[in-house]
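Encoded as structure tokens, the structure appears first; notes follow it.
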Amino acid sequence: MAVALVGGAGAEGRGLAVRLLEARQAVLIGSRDAERARAAAAEMNRAAGSRLAAGDTNEAVARDGEIVILAIPYAGLAEAADTLRPLMNGKVVVSTIVPLQFGQRGPHAVAVPEGSAAQRLQTLLPKARVVGAFHHLSAETLADVAQPVGTDVLVCGNDAEAKREVMDLAELFPGVRGIDAGPLESARYLEAFTALLLRINRRYKAHAGIRLTHLPESVSVAPR
Ligand SMILES: NC(=O)c1ccc[n+]([C@@H]2O[C@H](COP(=O)([O-])OP(=O)(O)OC[C@H]3O[C@@H](n4cnc5c(N)ncnc54)[C@H](OP(=O)(O)O)[C@@H]3O)[C@@H](O)[C@H]2O)c1
């Protein structure tokens with residue numbers, strides 16, 4: 001199984017890719033520019049001592065990947081969805097996208113008519129199984145492979161099997177627990193919370209993640 005990363009040569013996509021490679025998971029790095037994607041994949045293979053990364057256009061990797069992760073800015077969502085729509089029928093498509101603006105008082109969530117970027121994506125790709133995840137995992141934490149990731153990853157979606165697949169994927173990362181955060185509608189809270197996390201990170205000059213407490217120990221295997 002290969003995981004496709006649309007926008008995989010960017011900061012968040014690269015971070016997710018290097019952690020997947022660390023877990024010996026094949027990744028397909030996507031970009032609007034195939035050469036940039038190939039160069040990023042070659043660099044990741046060199047760093048990881050692997051041959052499990054390959055690069056191509058966003059369309060090609062989305063077609064070939066079994067799970068497709070969108071790691072592009074909100075501004076590019078509608079155009080990317082238009083290009084990917086015919087390729088996404090029945091696929092698990094993960095939105096990491098956080099619609100944010102940066103004002104004088106810090107980052108704040110941008111209102112999305114559908115409620116969240118993930119719900120907008122589901123509207124734009126009606127036949128895809130859209131899941132929201134990884135909003136609270138910073139690119140910096142992901143890139144620092146000398147350290148475990150060590151956070152919870154809150155995953156939401158309307159398709160239970162798709163959500164389970166993404167929780168399992170997240171749990172390939174060292175120290176990560178996948179948490180079922182409910183239906184896709186929960187994405188509005190996951191996305192907006194990222195603005196708060198960034199404000200905290202700014203204050204402490206840190207890259208804090210999320211760890212929930214007082215959940216049952218079996219939580220990571222609960223909702224199959
Ligand atoms: N950075 C983080 O710590 C972090 C954490 C959690 C979630 N996220 C979310 O992850 C997404 C990517 O964040 P990032 O920090 O990696 O951003 P980024 O580096 O600015 O962008 C990622 C990649 O998206 C592609 N891209 C840019 N504009 C595009 C457009 N209009 N249409 C299609 N593709 C476009 C570019 O790739 P090509 O030029 O190669 O096509 C770029 O390298 C965002 O939605 C962000 O909210 C980020």
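We count ligands from 1, going down the list as the structure has it; atoms in each ligand are counted the same way.
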- Query: How far apart are the C-alpha atoms of Arg129 and Glu161, what are their side-chain angles, what is the distance that settles it, and do they pass the salt bridge (charged side-chain N to carboxylate O under 4.0 Å, His left out) test?
  - Reply: CA-CA 9 Å; Arg129 299 146 76 200; Glu161 192 53 42; over 6 Å; no
Identity and distance of the protein heavy atom lying nearest [atom]:
atom	value
atom 46 (C) of ligand 1	Val98 N, 4.1 Å
atom 6 (C) of ligand 1	His135 O, 3.2 Å
atom 10 (O) of ligand 1	Thr96 OG1, 3.3 Å
atom 36 (C) of ligand 1	Arg32 NH2, 3.7 Å
atom 42 (C) of ligand 1	Gly10 CA, 4.2 Å

Does even one non-hydrogen atom of [X] get within less than 4.0 Å of ligand 1?
X	result
Ser138	yes
Asp33	no
Glu79	no

Identify, by atom number and element, the atoms of ligand 1 in contact range of [X], meaning under 4.0 Å from any of its heavy atoms.
X	answer
Phe134	6 (C)
Gly76	30 (C), 31 (N), 32 (N)
Ala71	11 (C), 12 (C), 22 (C), 23 (C), 24 (O)
Leu137	5 (C), 6 (C)
Arg36	38 (P), 39 (O), 40 (O)
Ser31	38 (P), 40 (O), 41 (O)

- Query: Side chain of Glu22, backbone of Ala48: donor and acceptor closer than 3.5 Å?
  - Reply: no
- Message: Are there over 12 heavy-atom neighbours, none belonging to Phe102, within less than 6.0 Å of that residue's CZ?
- Response: yes
- Message: Tell me whether the rings of Phe193 and His136 are parallel (<30°), tilted (30 to 60°) or perpendicular (>60°).
- Response: perpendicular
- Task: Please indicate, with yes or no, if any protein heavy atom is found under 4.0 Å from atom 17 (O) of ligand 1?
- Result: no
